[in-house]
Amino acid sequence: MKVRLLIFVMRKNNLYIFLSVLYLILIQQQIWCMDWSKLSDSTDFYIKIQDYHTAKNWAEKALIEAEKEFGKSDSNYIATLEKLYTINFNLDDYDNALSNSKQDSMLTSMTFHEKSIRFAKALYRLGNAYAAVKKYNDAELILLKSLNLRKEVINGDDSLLAYCMSKTAEFLDDINKTSEAEKLNREALDMRLRLFGDNHPDVADSYVNEAYYLKKEGKYDDAEPYYKEALRIYRKINHPDLSLCLTNLAVLYESMGRYQEAEKLYKEALDIRRKTFKSFHPALAASINNMARIYRITGKYQQAESLFKEALDMYSKLVKGDHPVLAQLLTNIGELYSSLGRFPDAEPYYLKSLEMNRRLYKYDNPALANSLNNVASFYLNIGHYDDAEPLFKEALEMNRRLYKVVHYALATTIVNLALCYQNEGKFSEAEPLYNEALNMARKLYPKDNPDLVYFITNTASFYKLRGNYKKSEILYREALDMTRRIYKEDNPDLALSINNMALFYDDTGNPDKAEPLYLESYDMMKRLYKGDHPHIESFFIKFLGFG
């Protein structure tokens, strides 16, 4: 009886398999019998619900059918090719997206008038595809060609033209052409003001971008009114990006050393997000982290520690396992403890962050290189040069592979390894690295910039140590003059630059030149930090030591 039952089940299962295969064959035949229109509609449906893998299957069939029904020089074939490009782009299959867009732009130029919006759109897609595969020179040429063609065809103000200007500006900034990006964004801003007036979200977006580009160029005073205008619009229309705009302005004030104003804005942004998100949320965790950071900067270490740990706990519940933000929060706590001189407490946080980044990124990645640099810098600060050097070398080798052109992260890693060699007494190995980093920074920042000041100052310190006082003085003076031009008001970076100049004169036997600079920097730090703060104490000790 048992044997008969088993045979029956097996036969029944075979029947199920046969019927399933038959069903799939019939469905497949039905698919191949569908015309282009139905296949295209199915493609659109799956794109709409963002099921790009299924959409790709339908789009490939639609493309074959479009060629049969219409030929390649038909608008339906080209439209299907555009959809396939979109699908591949969203699947991060950039090589196939580039292939699609090359064919798309070629057919569009042949089928439609070259001086048409349709061809401009095809060029825009091609430019984005080149950017995705990191062929930036090709991308730049094609995106600018697309934009200029739009301008020629439209010959006037247009919201989509302004959008394309804004997106092209973002690309230019990504390839370190921030000055050109700012000019193009200004053009988009002016157009949007003419189109929409001064209370429209698109205008606010252009204000934010303008402020960002100016800040990146070190023009903090010029950036401030644009952030304020964006904030005014967001408040008026109760825009969902209000908290983000508050944060952007707070970051600017933080860079300018206006910590009280920054703290107030960070707090407002945090209050909005606590009301908006009743439970764990990445945006809320980010605001908590920002608040913690400003507390750390202003010496409110107890509040900073509490908030950093709240953000870490929140993210630990939000995500399971390793996550880039978790790794960054671990680093933040490590930096806090390091600031307090609690080095044994700081080290495990730095190491946990690095271990997490190594698990997250199996290949070269900017976040992993930065994590290596952070841990190496920690060891450098506590004098563990044997631990710091190999990590700096690994970070530098990775950044050299990542960045084939001049880049801030690469320049920073170069100067950090130089500093490590300097502390180890390897001066002949340090000097060429200092000069390489400074030359790279001068290419990155052809105008006044706080980051350029950093590289100039480090090189000046090296030459002072080596006894090349003439070269050192020239560099210290250049850094101070630049910093005075950047900051029109009190700023910790300005106070530090003044103090560096004072130390140079003090160490080289020029007390008359050193004294007024010591006093100026100390008074500035007292104005900047209300109440007790370690920075004030360190400047006061230097001032007393001079006296």
Side-chain angles (χ1 to χ4, degrees), residues 218 220-221 253-262 296-299 339-341 380-381 383 415 418-419 422-423 425 427 430-431 434-435 437-438 441-442 445 447-547:
Y220 297 147
D221 291 330
Y253 285 151
E254 184 182 323
S255 301
M256 298 170 79
R258 293 162 62 176
Y259 298 124
Q260 287 183 315
E261 293 167 273
R296 178 177 68 82
I297 291 169
T298 55
S339 299
L340 291 166
L380 180 65
N381 290 336
V415 83
L419 184 59
Q422 176 184 310
N423 281 280
F427 300 119
E431 185 171 2
Y434 274 121
N435 288 322
L438 180 55
R442 290 195 190 280
Y445 310 109
K447 299 178 182 177
D448 294 344
N449 189 284
D451 290 328
L452 178 55
V453 171
Y454 169 79
F455 289 100
I456 294 170
T457 303
N458 274 285
T459 311
S461 299
F462 172 76
Y463 282 116
K464 185 178 85 167
L465 180 68
R466 298 297 291 143
N468 190 340
Y469 299 129
K470 184 177 179 181
K471 194 164 188 175
S472 178
E473 182 177 4
I474 290 169
L475 290 169
Y476 273 128
R477 175 55 60 186
E478 182 187 0
L480 178 55
D481 290 345
M482 187 178 295
T483 310
R484 288 195 190 279
R485 290 193 298 269
I486 293 170
Y487 304 111
K488 309 300 182 187
E489 300 176 0
D490 292 345
N491 184 279
D493 288 345
L494 177 54
L496 182 61
S497 193
I498 295 167
N499 191 69
N500 286 335
M501 197 79 247
L503 279 169
F504 172 81
Y505 286 133
D506 194 5
D507 292 343
T508 54
N510 291 286
D512 293 339
K513 291 183 178 180
E515 183 177 5
L517 292 169
Y518 272 133
L519 186 58
E520 183 185 359
S521 62
Y522 173 58
D523 287 343
M524 188 176 293
M525 291 301 290
K526 284 198 298 181
R527 291 192 299 270
L528 280 166
Y529 296 100
K530 310 298 181 185
D532 296 332
H533 192 281
H535 289 338
I536 301 175
E537 183 181 349
S538 65
F539 274 63
F540 183 57
I541 290 169
K542 289 172 185 174
F543 181 59
L544 285 181
F546 171 79

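What you see is a predicted model; the values in this text were computed from it and never measured.
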Rounded to the nearest 0.5 Å, the CG atom of Asp523 sits from the CG atom of Leu528 at a distance of 11.0 Å
Within the 4.5 Å heavy-atom criterion, are Leu438 and Leu475 side-chain neighbours or not?
yes
Is it true that Glu431 and Lys471 have a side-chain N and a carboxylate O under 4.0 angstrom from each other?
no
Starting at CG of Asp493, measure out to OG1 of Thr483 and round the result to the nearest 0.5 Å.
7.0 Å
How about Glu473 and Tyr505: does a side-chain donor come under 3.5 Å of a side-chain acceptor?
yes
Looking at Asp448 and Arg485, does any basic side-chain N land under 4.0 Å from a carboxylate oxygen?
yes
Would you please classify the geometry between the Phe504 ring and the Tyr469 ring as parallel, tilted or perpendicular, with 30° and 60° separating the classes?
perpendicular
Asn491 side chain to Arg484 backbone, donor-acceptor under 3.5 Å
no
Using a cut-off of 6.0 Å, state whether more than 12 heavy atoms not belonging to Lys447 lie near its atom NZ.
no
Between Arg527 and Asp490, is a salt bridge (Lys or Arg N to Asp or Glu O under 4.0 Å) present by the stated rule, with each step listed?
CA-CA 8 Å; Arg527 291 192 299 270; Asp490 292 345; 2.6 Å; yes
Sidechain-backbone polar pair: Thr459 side chain, Phe455 backbone, donor-acceptor under 3.5 Å
yes
For Ala430 versus Gln422, what's the shortest heavy-atom pair and its separation?
CB-N, 4.0 Å
